[in-house]
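Order of the sequence lines fixes the chain letters, A, B, ..., with proteins taken first and strands second; residue numbering starts at 1 for each chain. Below, each value reflects all heavy atoms present in this structure, side chains not excepted, and no hydrogens, waters or symmetry copies.
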2 protein chains.
Amino acid sequence: MFTIKEVQEKFGLPASTLRFYEKEGILPPIGRDSGGRRLYSEPELEWLQLVVALRDTGMTMDHIKNYVELVKQGDETLHQRRQILLEHKQDVERKMNQTLEHLEKINRKMAVYDLLAHGKKDFLI
Amino acid sequence: MFTIKEVQEKFGLPASTLRFYEKEGILPPIGRDSGGRRLYSEPELEWLQLVVALRDTGMTMDHIKNYVELVKQGDETLHQRRQILLEHKQDVERKMNQTLEHLEKINRKMAVYDLLAHGKKDFLI
DNA sequence: TCTCATGTTAAAGTTAACTTTAACGAAATG
DNA sequence: CATTTCGTTAAAGTTAACTTTAACATGAGA
């Protein structure tokens with residue numbers, strides 16, 4: 001069991017964000033201690049890990065919320081959930097390829113700068 | 001020379017965004033025809049291409065603007081500009097590695113769904 | 001027992017990056 | 001010549017994803 005501060009440190013997410021996610025239904029309702037303070041347990045941290053993976057790969061919070069709704073509906077939605085993950089994965093892969101092309105563009109620009117730095121202005125095509 | 005509509009189609013960027021970028025100084029002031037309408041020429045499109053590459057790889061508009069300021073200052077800032085591109089590139093590469101790790105997480109989740117789908121619940125560790 | 005760190009909530013505020021609107025001008029088309 | 005179509009500006013509006021604030025509660029240490 002972990003306090004909100006511990007989870008904040010483990011995940012590098014501000015406590016305010018953790019509360020926000022719970023309020024929005026992106027995390028399940030977290031258990032509390034006698035004083036009403038949140039205590040996170042393992043399955044909730046597992047869950048948070050997947051949320052972070054989806055978020056950091058560009059899934060919107062709205063879509064994550066939709067996915068969470070399916071999780072709440074139980075095993076009948078397994079196939080649908082797999083499909084969502086698959087499509088998101090393909091999406092991420094497309095974006096990564098785009099990024100690689102953009103990096104090429106940036107590399108070429110750097111190469112131009114290198115040529116200019118060595119006073120080779122005249123040899124540019 | 002290209003009208004704003006042509007650039008919009010070439011780049012998939014709304015005309016409003018092109019005007020916005022110019023207003024913000026992210027694009028240089030674009031030439032106009034007799035009627036005051038924008039006419040984009042090759043170097044401006046080249047420039048737009050780099051802006052899009054930087055933006056789509058996660059550079060903020062503020063940082064792009066800073067970079068543009070350096071370009072405007074001429075060749076004395078060549079080294080600084082190269083450095084900015086280099087650091088950005090390294091940043092993008094770090095993020096791509098993070099993304100690959102996140103994809104692994106998503107893959108593992110999909111594998112779990114596959115096991116569950118085939119009723120192999122009992123064989124999960 | 002005092003006080004200080006840590007937690008709680010609901011509600012309001014912030015920020016980036018556009019997008020929309022309103023009011024208008026120019027130009028191509030039937 | 002009338003009417004769409006395409007363009008212009010400045011200013012206001014939008015959206016996502018938090019973050020901050022205010023007002024209060026709890027529990028540990030001096």
dG27(D) phosphate, OP1 or OP2, under 4.0 Å from Ser34(A) side-chain N/O: yes

Test side chain to side chain contact (heavy atoms under 4.5 Å, CB included) applied to Arg38(A) and Arg19(A), step by step: CA-CA 9 Å; Arg38(A) 286 171 180 80; Arg19(A) 293 193 198 98; 3.8 Å; yes

Short side-chain N/O contact from Arg19(A) to OP1 or OP2 of dA11(C), under 4.0 Å: no

Residue pair Thr99(A) / His102(A), side-chain donor-acceptor N/O under 3.5 Å: no

Separation of atom CD in Glu6(A) from atom C1' in dG7(C), rounded to whole Å: 13 Å

Phe2(A) CZ - dG7(C) C1' separation (whole Å): 18 Å

Whole-Å gap separating C1' (dC6(D)) and CD1 (Ile4(B)): 10 Å

dA17(C) OP1/OP2 closer than 4.0 Å to side-chain N/O of Thr17(B): no

Nucleotide of dG25(C), dA16(D), dC18(C) approaching Asp62(A) most closely (side-chain heavy atoms): dA16(D)

Spatial distance of atom CD (Glu87(B)) from atom CZ (Arg82(B)) [nearest 0.5 Å]: 11.0 Å

Tyr21(B) side-chain N/O to dC18(C) phosphate OP1/OP2 under 4.0 Å: yes

Parallel, tilted or perpendicular: ring planes of Trp47(B) versus Tyr67(B), cut at 30 and 60 degrees: parallel

Earlier contact from the 5' end, DNA chain C, for Lys23(A) and Leu39(A): Leu39(A)

Rounded distance in Å - NZ (Lys65(B)) to C1' (dA17(C)): 11 Å

Salt-bridge present (Glu46(A), Lys105(B); N to O < 4.0 Å): yes

Spacing of Phe20(B) atom CZ relative to dT9(D) atom C1', expressed in whole Å: 15 Å

Sugar-phosphate, base or nothing in reach of Arg38(B), heavy atoms under 4.0 Å: sugar-phosphate

Separation of dT6(C) P from Leu18(A) CG (nearest whole Å): 16 Å

Whole-Å distance separating the CD atom of Glu22(A) from the P atom of dA17(D): 19 Å

Contact under 4.0 Å: Thr3(B) side-chain N or O vs dC6(D) OP1/OP2: no

Distance, rounded to the nearest Å, where Met59(A) contributes CE and dA17(D) contributes P: 12 Å

Sugar-phosphate, base or nothing in reach of Lys5(A), heavy atoms under 4.0 Å: sugar-phosphate

Closest to the Arg37(B) side chain, choosing from dT19(C), dG25(C), dA17(D): dG25(C)

Residue-phosphate contact under 4.0 Å: Arg55(A) side-chain N/O, dC18(D) OP1/OP2: yes

Selected nucleotide, minimal atom distance to Arg32(B) side chain, candidates dT19(C), dT8(D), dC18(D): dT8(D)

